[in-house]
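Since the structure comes first, as structure tokens, the remarks are kept for the end.
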There are 2 protein chains.
Amino acid sequence: MTATTHLKSLQALEMAIREGTLKAAAGRLGITPAAVGQRIRALEDYLGTDLLLRGRSGLQPTAELEHALADLQAGFTALERVTETLDFQRVSEIHIVAEPDWAELWLTPRLQAFREAHPNILFCINGSGDVPLRLGEPDLRITYGEGPGEPLFRDCYLPVTGPDNLRRIADWDPVLQMEGLPLLHLKSQRGQEDYPGWVQWFDKFGHRQEGPDRGVHYKNARIALEAVRQDVGFLLCGLSLVLNDLETGAIVHPYPASWHIVAPSPYMMQIHNKSGVRPQIQKFIAWLRDMASDTKRQIESMTAPDTPG
Amino acid sequence: MTATTHLKSLQALEMAIREGTLKAAAGRLGITPAAVGQRIRALEDYLGTDLLLRGRSGLQPTAELEHALADLQAGFTALERVTETLDFQRVSEIHIVAEPDWAELWLTPRLQAFREAHPNILFCINGSGDVPLRLGEPDLRITYGEGPGEPLFRDCYLPVTGPDNLRRIADWDPVLQMEGLPLLHLKSQRGQEDYPGWVQWFDKFGHRQEGPDRGVHYKNARIALEAVRQDVGFLLCGLSLVLNDLETGAIVHPYPASWHIVAPSPYMMQIHNKSGVRPQIQKFIAWLRDMASDTKRQIESMTAPDTPG
DNA sequence: TTGCGCGCTAAAGGTAACCTTTACCAAATG
DNA sequence: CATTTGGTAAAGGTTACCTTTAGCGCGCAA
């Protein structure tokens, strides 16, 4: 008895039957439909017999394959259990370096759910977390601005303030609403093109005659938002960072959401050592993409021209 | 649930555990031990954990792997059943073109056993057999003489005659034994360098003064051997073609077997479309190599200098 | 101890398997 | 009839894989 050859062909075949179309199988296998067809064809050529009847509506194993089908499916089911077992056992560390504000206000709150689902994955974000920093490149790097990587989502800047402030200015003349109230700034907004600040906002929407660059400066967004919640003033903040605060009403945006500035750059994700990413990291990346596209949808729906406010 | 990756690594791992050494696993997989090590290492790197403890005397799965081992073995056992089923079901035709004499007197008698073991494999040898000739190159081509391919065995020419003839000349002077008795020739021996004939034999061993090129000429060896059995005369014949006749005593070789001429060329096997040979053809080739090396051994033992006759 | 054999490993390099891309076709669907 | 959906064909690039070669460490015998 000689060892099994054409493992990938058998896998493609099994997946095609399981999924019903080559296209779906391709999706599961992470390759193109053409490749799935090629894999199966290769095995058919090798054996000199057809194995799969390709119909437009569904696939069907030929009589040849029928007799082997049970073993085929049993085999790959067992192997999938193997991978699951091996992955599950593995305690994995994921090291991330990211924009501090984004990490603190977007990533960390969402991460809780992932960590509960994967208790065997430990994190180190910007040098702290479950495990200490190790030497070398981080597994993941999230940056804002021009640079390499894959875009996650594009943020949207708009003014936010505390709920009391909103009530206080509710009956003021819109043109004057913000006059006299303190503007809060982030350090990152100081003279950096990529981070829209009050200067850009007033340029675009008017509403304040002077001093858009004056006010209180905060080192990071968490502190600034703390101040906002206590009605210290107005902050021009990336929407993604305050989605939850807006939801709970801890802070509010006093103007229509259409009065916003789209971030000139998206958040970018760089994956270190792109080929050969460990399965746990793959899981995390997949989750991150999901979360990012959720956020993207939320931002888009909130700032869509036809649904202001 | 994402599809299983590193199939080949898992296969190597399973085989290594099954066989006990990387070397043995490599043999089963048809690759080098280094490759097996690499496959397993690749998976270990991917998972970030060791899977196999390599010891000088035997391999051992690590604790990580222990839990997945049952599924791993079950998986590949099932897949091996798949290949067996698929191969078995397949009715395959093997088309062979070969030296006519060799095909008729060496291959065909031996083929019977193979055909019984593999009733689903049909043959077409030199245009006739179970199935009619098809267009295109034959799967296998057996040639004699210089040419491409893989050597099967090198034949050995020596005189044969019928048992009665042997008795008749037994008490003659060896130098004169063959004088006056007819020499039988094959058409292929006529002026072809590659096929040693009586001329070459007498050049080398004397024993006849004149006319080594005279006698009866036969179109093919089967007819000539028929005549030999009926004591018509002496034939200089490839040993491989008459091994069975010598065994049964239907024909004999009147001189010590050391009085032979080694064929200047071996029989050569060319495999068409070398990569992508169908499994049935692989089985047949493996069998053919076995048979050929059997024959080689028989020829060598019969013609060895220390065991003449 | 030294020398040797055996099995695993490391590094380098070549090749073929594999995948993607692009374009096309045929059936199903509106 | 136009469009969409799913499969196929051909071409081309790259990467995974394998072989080769050399080396290491251990066990065993002299």
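Chain naming here is simple, since letters A, B, ... match the order of the sequence lines and numbering starts at 1 in each. Computed from heavy atoms alone, side chains included, the values below leave out hydrogens, waters and symmetry copies.
In this structure, the CZ atom of A/Arg39 is 8 Å from the P atom of C/dC18, given to the nearest Å. Atom CD of A/Gln60 and atom C1' of D/dG7 are 17 Å apart (whole Å). One can place CD of A/Gln11 at 14 Å from C1' of C/dC19, the figure rounded to the nearest angstrom. The separation between B/Lys8 atom NZ and D/dC18 atom P is 5 Å, rounded to whole Å. Atoms CG (B/Leu59) and C1' (C/dC6) sit 14 Å apart, rounded to a whole Å. Straight-line distance from the CD1 atom of A/Ile40 to the P atom of D/dA9: 13 Å, rounded to whole Å. As rounded to whole Å, 19 Å separates atom C1' of C/dC8 from atom CE of B/Met15. Rounded to whole angstrom, the span from the OH atom of A/Tyr46 across to the P atom of C/dA17 amounts to 12 Å.
Looking at B/Gln280 and B/His118, their side chains never bring a donor and an acceptor atom within 3.5 Å of each other.
Relative to the side chain of A/Arg41, the nucleotides D/dT8, D/dA10, C/dC8 differ in distance, and D/dT8 lies closest. Of the listed nucleotides (D/dG6, C/dA11, C/dT20), D/dG6 has the atom at the smallest distance from the side chain of A/Lys23. Taking only side-chain atoms of A/Ala34, from C-beta outward, the nucleotide of D/dG7, C/dT20, D/dT19 with the closest atom is C/dT20. Here D/dC18 is the nucleotide among C/dT9, C/dC19, D/dC18 with the atom lying nearest to any side-chain atom of B/Ile31. Side chain of A/Leu22, nearest nucleotide from D/dC18, D/dA10, D/dG7: D/dG7.
At a threshold of 4.0 angstrom between heavy atoms, the contacts of B/Thr32 include nucleobase atoms, whether or not backbone atoms are also involved. No engagement by B/Ala42 is indicated, since no non-hydrogen atom pair under 4.0 Å with the nucleic acid exists. Counting non-hydrogen atoms under 4.0 angstrom, A/Leu29 reaches nothing in the nucleic acid.
B/Asp294 and B/Arg110 are not joined by a salt bridge, as no carboxylate oxygen comes within less than 4.0 angstrom of a charged side-chain nitrogen. Residues B/Arg278 and A/Glu44 are not paired through a salt bridge, judged by the lack of any N-O separation under 4.0 Å between the basic side chain and the carboxylate.
The minimum heavy-atom distance linking A/Glu146 with A/Ser265 is given by the pair OE2-OG, 3.5 Å.
One finds a side-chain N or O of A/Arg54 lying less than 4.0 angstrom from the OP1 or OP2 phosphate oxygen of D/dT8.
Relative ring orientation between A/Phe284 and A/Phe114 is described as perpendicular, the plane-to-plane angle rising above 60° on a 0-90° scale split at 30° and 60°.
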